[in-house]
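Everything below concerns the one structure shown next.
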Amino acid sequence: MRLSRYFLPILRDTPKEAEIISHRLMLRAGMIRQQAAGSYTLLPLGLRTLNKVNAIIREEQNRSGAVELLMPTIQSAELWRESGRYDAYGKEMLRIKDRHEREMLFGPTNEEMITEIFRSYVKSYRELPLNLYHIQWKFRDEVRPRFGVMRGREFLMKDAYSFDLDQAGAVHAYNKMFVAYLRTFERLGLKSIPMRADTGPIGGNLSHEFIILAATGESEVFCHKDFLEFPVPPADVNFDDVAGIQGIVNKWTSLYAATSEMHEEAAYQAIPEASRVSARGIEVGHIFYFGTKYSDPMGATVAGPDGKDASVHMGSYGIGPTRLLAAIIEASHDEAGIIWPEAIAPFTVSLLNLKVGDAAVDGVCAELYAGLTAAGIDTLYDDRDERPGAKFIVNDLIGSPWQLIVGPKSLGEGKVELKRRATGERELMSPAAALDRLAGASRP
RNA sequence: CGGGGCGUAGCGCAGCCCGGUUAGCGCACUAGUCUGGGAGACUAGGGGUCGGAGGUUCAAAUCCUCUCGCCCCGACCA
């Protein structure tokens with residue numbers, strides 16, 4: 001992408017409403033624009049990043065055996081009356097009426113709808129297990145939206161719903177999501193820690209929040225230090241290996257980890273002092289097993305091996321991609337701006353032309369841009385007629401992992417400069433060597 | 001929902017307390033000149049119903065009333 005033809009509205013000053021670092025950087029880097037309290041447009045740079053986050057989430061959901069579909073955002077109140085949640089959910093649910101005065105709502109979550117879909121089609125245990133997910137907009141009329149997309153009212157959620165014949169099957173479904181989440185957050189460059197959680201209005205009795213540690217996190221968390229070193233399951237983990245998956249979950253739940261709501265001081269004090277971690281955390285995922293809470297009232301049953309109908313055991317599993325954008329920035333930035341992990345960077349390489357109009361510099365930039373593009377590397381070519389300083393500032397701010405700098409100074413010796421955003425390390429090399437390095441580095 | 005704060009040009013702000021020229025400043029924007037490795041300088045420009053409504057007054061960004069929006073703390077929160 002040529003920056004001169006892109007839409008990247010950079011802000012020099014921080015808008016005064018933004019307090020936390022990720023909100024500031026997202027506004028300054030031209031990723032989001034606020035439209036109302038808790039409601040944001042994703043500008044091109046924000047959308048690019050979100051799409052990369054979603055792609056990783058999808059890969060890991062699919063790998064674990066979940067199947068993607070897409071449900072509507074507007075739901076009928078009827079469904080929610082079936083589960084009993086229409087009255088229970090409260091003011092957080094945005095209720096609306098259509099032109100026929102039918103009661104509708106903008107979905108805050110989809111347990112009812114997915115249960116309705118399931119019961120319409122699935123009649124036999126032989127079609128189980130089943131896990132259906134989608135990535136879709138939610139609306140929750142929060143009392144106090146804040147911190148940009150960290151706690152918005154309209155936000156994107158990946159929500160998955162599992163269906164099993166019995167509790168044992170459902171626990172395995174739960175464990176598969178548990179492992180998929182560990183992998184997902186790892187690939188997003190985050191250290192996540194599963195913590196036992198309260199189940200809230202979703203209901204049920206088995207639940208974990210996936211928390212990442214960040215100074216500006218909304219909740220206080222306590223855990224054993226060793227969690228930070230636990231190895232994340234590899235890509236070829238066998239999701240059908242019930243005992244193996246359970247073993248991973250057991251390991252990741254073997255040490256103390258809790259948010260302040262679930263905190264037990266005595267258990268925490270039992271950890272050797274050097275291994276205690278008390279910090280702030282951001283909830284980036286939440287998984288639930290809730291048995292037949294919805295399948296019972298809504299009549300989602302299947303015939304078992306004995307020929308008798310039984311309510312299916314369900315679980316639901318959420319990740320907030322829009323919140324993740326903010327969480328990743330909270331975890332990865334410096335004074336100059338965002339430092340994107342390579343896997344989700346909107347652009348892997350920023351190509352900086354330090355002297356637009358100089359034939360030699362323009363020529364080398366054009367070759368590099370063509371070469372990077374041909375290699376399938378997402379490249380932002382800063383071809384604006386700006387001074388070098390302005391380009392460094394902007395490209396540091398938007399956080400491409402690599403900056404490929406082409407200026408008359410080094411080009412006089414036939415060299416270009418490759419700079420690593422995270423460390424600031426610079427290396428002089430020939431254009432061809434830089435191309436090899438980048439094409440090689442970004443190969444999977 | 002309780003408490004606190006803020007709405008003046010795209011962004012950041014001054015002016016308001018104590019009413020009185022044509023509402024200012026920085027950045028950004030437009031045209032041009034000189035520039036060219038960490039937000040360059042100069043010259044000349046454009047852009048405002050001062051969040052909205054009502055009121056007081058000879059006169060309102062400024063005082064009063066109501067209202068809308070936004071932010072922060074708390075409570076709340078798959």
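All chains are named by letter (A, B, ...) in the order of the sequence lines, taking the proteins before the strands, and each is independently numbered beginning at 1. All values derive from a computational prediction rather than experimental measurement.
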Among C77(B), G37(B), A39(B), the nucleotide that comes nearest once only the side chain of Ile393(A) is considered: A39(B)
Between the protein and nucleotides 29-33 of chain B, list the N/O to N/O atom pairs that are separated by less than 3.5 angstrom.
none

Pro15(A) side chain, from C-beta outward: closest of C11(B), C13(B), A39(B): C11(B)
Nucleotide nearest Arg146(A) (side chain, heavy atoms from C-beta), chosen from G74(B), U35(B), A39(B): G74(B)
Side chain of Asp13(A) - closest among C77(B), C11(B), C73(B): C11(B)
Under 3.5 Å donor-acceptor pair, Asp385(A) side-chain atoms to G36(B) base atoms: yes
By salt bridge (charged side-chain N to carboxylate O under 4.0 Å, His left out) - contacts of Glu154(A) (at least two apart): none
Per Glu17(A) side chain, nearest of listed nucleotides U35(B), C71(B), C77(B): C71(B)
Proximal nucleotide (of A75(B), C13(B), C27(B)) relative to the Arg12(A) side chain: C27(B)
Arg144(A) side-chain N/O to C73(B) phosphate OP1/OP2 under 4.0 Å: yes
Working for ring-ring contact (aromatic ring centres under 6.0 Å, His included), residues Phe210(A) and His286(A): CA-CA 6 Å; Phe210(A) 286 75; His286(A) 201 156; 8.9 Å; no
Euclidean distance for C1', G36(B) against C42(B) (whole angstrom): 16 Å
RNA chain B contacts made by residues 409-417 of chain A, counting heavy atoms under 4.0 Å: Lys409(A), Ser410(A), Glu417(A)
Test applied, side-chain hydrogen bond (donor to acceptor under 3.5 Å, both in side chains); reference residue, Lys138(A); option that passes from Thr322(A), Asp159(A), Thr109(A): Asp159(A)
Span that lies between the C1' atom of G3(B) and that of G12(B), in whole angstrom: 27 Å
Residue Pro388(A), side-chain heavy atoms: nucleotide from A75(B), G37(B), C71(B) that is nearest: G37(B)
Proximity to the side chain of Phe392(A) - top-ranked nucleotide from G37(B), G12(B), A39(B): G37(B)
Heavy atoms from other residues, nucleotides or ligands near CZ of Arg81(A) exceed 12 (cutoff 6.0 Å): yes
Nucleotide nearest Phe147(A) (side chain, heavy atoms from C-beta), chosen from G37(B), C70(B), C72(B): C72(B)
ring-ring contact (aromatic ring centres under 6.0 Å, His included) assessment of Tyr174(A) paired with Phe290(A): CA-CA 10 Å; Tyr174(A) 183 94; Phe290(A) 44 75; over 10 Å; no
Of the listed nucleotides C77(B), A39(B), C70(B), the one nearest the side chain of Arg151(A): C77(B)
